[in-house]
4 protein chains.
Amino acid sequence: MSVNKVILVGNLGKDPELRYTPSGAAVATFSLATSERYKDREGQQQEKTEWHNIVAWRQLAEICGKYLHKGKQVYIEGKIQTRSYDDKDGNKRYITEIVADQMQMLGGRGDEGGGQREGGYAPRGGNRQESRPAQQAQRSTPATPAYEDFADPPFNPDDDIPF
Amino acid sequence: MSVNKVILVGNLGKDPELRYTPSGAAVATFSLATSERYKDREGQQQEKTEWHNIVAWRQLAEICGKYLHKGKQVYIEGKIQTRSYDDKDGNKRYITEIVADQMQMLGGRGDEGGGQREGGYAPRGGNRQESRPAQQAQRSTPATPAYEDFADPPFNPDDDIPF
Amino acid sequence: MSVNKVILVGNLGKDPELRYTPSGAAVATFSLATSERYKDREGQQQEKTEWHNIVAWRQLAEICGKYLHKGKQVYIEGKIQTRSYDDKDGNKRYITEIVADQMQMLGGRGDEGGGQREGGYAPRGGNRQESRPAQQAQRSTPATPAYEDFADPPFNPDDDIPF
Amino acid sequence: MSVNKVILVGNLGKDPELRYTPSGAAVATFSLATSERYKDREGQQQEKTEWHNIVAWRQLAEICGKYLHKGKQVYIEGKIQTRSYDDKDGNKRYITEIVADQMQMLGGRGDEGGGQREGGYAPRGGNRQESRPAQQAQRSTPATPAYEDFADPPFNPDDDIPF
DNA sequence: TTTT
DNA sequence: TTTT
């Protein structure tokens with residue numbers, strides 16, 4: 001019953017740090033700058049930069065560690081998460097991070113890209129029919145497209161297409 | 001290198017239609033209304049309604065078919081897709097649809113809910129260590145949280161947590 | 001060259017607090033809960049709640065103060081912002097907030113609503129021609145719609161429509 | 001009570017077309033490509049391109065007409081809108097467009113940028129107090145930041161700041 | 001019609 | 001700490 005979604009386009013302040021948990025899961029962290037321009041009361045153009053702590057896990061972490069670098073412009077989609085930890089004086093501290101579930105490299109040539117999703121999903125589908133029913137080819141074309149016309153299951157257009 | 005994302009909150013115009021492809025994949029379709037209020041030049045409050053064609057596949061289709069109904073308020077996240085088809089006169093026609101990959105029921109109690117994603121993802125992880133290393137419990141609390149402090153891999157907080 | 005966008009659907013943890021700056025600007029603050037369900041390693045359904053600090057300014061603050069209350073479900077669109085302040089021991093602390101620029105009440109009847117934007121924008125347009133050229137009514141209908149067919153300038157459909 | 005939001009990152013297929021309505025409002029139109037990669041059933045990498053019809057009005061239209069060009073990578077935020085028109089045979093046709101309300105140029109150097117919003121908003125604020133109350137400078141630093149600590153009204157940090 |  |  002709720003939505004927690006963040007969309008950022010910004011530049012990395014440093015190269016990502018890639019680490020591994022004891023059980024072997026990759027985790028990449030980096031900071032991302034977004035900036036906003038505004039005019040102050042003297043009418044001067046000013047700029048204000050916001051720094052975001054980005055965390056990526058598993059396959060997406062590996063890709064971030066491999067392809068991102070300081071200054072790179074990226075699109076990040078994820079969720080907001082606040083963790084608590086105890087600082088050196090034993091006080092509870094909070095840190096807010098963006099847990100990425102999608103990353104897109106933007107802009108530069110020399111930047112090989114492709115959208116990347118978190119998680120390394122298993123392939124869909126499986127035992128699908130190779131043969132297409134003959135009558136499908138003969139179906140008439142009604143004014144309203146029937147369900148057979150849905151040409152595109154998400155993420156795997158070749159899978160399970162009914163015509 | 002691109003992003004195609006739609007976020008809608010609106011109400012169903014009718015009950016969803018749930019169908020199956022020849023190979024057995026579920027597909028649900030429904031129309032969703034969003035409305036915008038504005039003042040016309042006479043200063044009268046006006047309302048303009050936009051109708052969106054929503055398509056959901058597989059597990060998400062099943063959930064839509066089972067739980068959604070006319071009038072229900074939902075959050076939809078997905079992508080824009082334009083399909084072509086031939087109308088009864090043989091002319092090429094285009095229809096733009098929103099292929100949903102997330103749906104959230106909103107509003108009413110009596111609406112059991114929970115976020116729903118397209119696809120029925122397999123569980124992550126697998127062979128994870130059950131035992132937690134003893135030294136983890138003794139670690140000091142540095143000013144900067146270490147990677148062991150990342151408490152929350154996305155979607156499966158219990159999996160692969162390093163402390 | 002950057003984007004900083006947050007979209008939340010959640011419920012208020014308390015009634016909003018509405019205050020005014022010395023110069024008279026309204027500011028509303030409230031916390032918003034979003035929750036995520038997941039299965040732990042014992043296969044038990046678990047829920048994790050994230051609390052977001054929301055800040056709204058000016059007209060949007062007034063609306064939040066007037067219409068929102070504890071438990072209300074809302075859609076919030078805004079940006080992430082981290083402020084620093086000095087705590088009682090003189091240490092620099094950081095707090096991350098969502099500065100709202102749109103709010104939508106969701107769900108309940110008895111909730112009069114309508115999308116609300118930050119800022120109290122001035123009306124658009126101004127000296128527009130009341131008379132519509134006669135030939136507009138006679139224009140033919142080409143296969144490709146001309147610019148005159150754009151029926152809908154955003155947010156104010158009656159303003160500046162060319163036909 | 002509804003949300004209709006689109007976020008796109010893609011490349012222009014052609015230079016934008018900039019036109020003016022009879023009453024003088026600028027309107028820019030262009031098509032934007034987003035592409036998705038997927039593996040077909042032979043395991044071959046495939047690409048599917050989606051073309052979006054973008055419409056921008058007024059000040060944003062002028063900026064698009066001036067700075068965008070074929071191939072340029074942009075971020076677009078807007079809403080989905082379907083218009084109807086009559087084709088040359090007198091049949092009602094529908095076209096779905098994205099009415100942009102924000103545009104960001106991405107990527108290229110040689111691309112002067114800055115976020116652009118639809119509408120040419122009037123400046124906020126106005127007669128604000130120049131002098132800051134003396135006691136503000138002396139306030140103590142409580143554990144919980146008070147409202148006076150809100151350092152940043154959106155879009156105009158210098159306006160109406162209470163300390 | 002773009003881009004990788 | 002980035003970028004324009």
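In what follows, chains are A, B, ... by sequence order, proteins preceding strands, each numbered from 1. When reading the values below, keep in mind they use all heavy atoms of this one structure, side chains included, and skip hydrogens, waters and symmetry mates. All values reported here derive from a predicted model rather than from experimental measurement.
- Rounded to an integer number of Å, the gap from K72(A) NZ to dT2(F) C1' is 12 Å.
- A donor N or O paired with an acceptor N or O is found under 3.5 Å between the base of dT2(F) and the side-chain atoms of T49(A).
- To the nearest angstrom, P of dT4(F) lies 19 Å from CD of E50(A).
- Closest approach to the W51(A) side chain among dT4(F), dT2(E), dT2(F) is made by dT2(F) (side chain taken as heavy atoms from C-beta onward).
- Scored by the side chain to side chain donor-acceptor pair (under 3.5 Å) test, E50(A) finds no partners at all (sequence neighbours excluded).
- Between Q104(D) atom CD and dT2(F) atom P the separation is 20 Å, expressed in whole Å.
- Checked against dT4(E), dT2(E), dT4(F), the side chain of R37(D) finds its nearest nucleotide in dT4(E).
- E36(A) has its CD atom 15 Å from the C1' atom of dT3(F), to the nearest Å.
- K14(A) comes within 4.0 angstrom of a base, heavy atoms only.
- Among the nucleotides dT4(F), dT1(E), dT1(F), the one closest to any side-chain atom of K70(D) is dT1(E).
- K48(D) contributes atom NZ, which lies 10.5 Å from atom OG of S35(D) (distance to the nearest 0.5 angstrom).
- Judged by distance alone, the side chains of T34(A) and H52(A) do bring a donor and an acceptor atom under 3.5 Å apart.
- Whole-Å rounding puts the Y75(D) OH to dT3(E) P distance at 22 Å.
- Across D101(C), V99(C), V6(C), I54(C), a single residue satisfies side-chain contact (heavy atoms from CB on, under 4.5 Å) together with I76(C), and that is I54(C).
- Taking only distance into account, the side chain of S31(D) meets the base of dT1(E) through a donor-acceptor pair shorter than 3.5 Å.
- Comparing dT2(F), dT3(E), dT4(E) against the side chain of N11(D) picks out dT3(E) as the nearest.
- Distance I63(D) CD1 to dT4(F) P: 19 Å, rounded to the nearest Å.
- At a threshold of 4.0 angstrom between heavy atoms, the contacts of T34(D) with the nucleic acid are absent.
- When rounded to the nearest whole Å, the span between CG of N53(D) and P of dT1(E) equals 15 Å.
- For S35(A), counting side-chain heavy atoms from C-beta on, the closest listed nucleotide (dT3(F), dT1(F), dT2(E)) is dT3(F).
- Between N4(B) atom CG and dT4(E) atom C1' the separation is 16 Å, expressed in whole Å.
- Scored by the side chain to side chain donor-acceptor pair (under 3.5 Å) test, T96(C) finds T82(C) as partners (sequence neighbours excluded).
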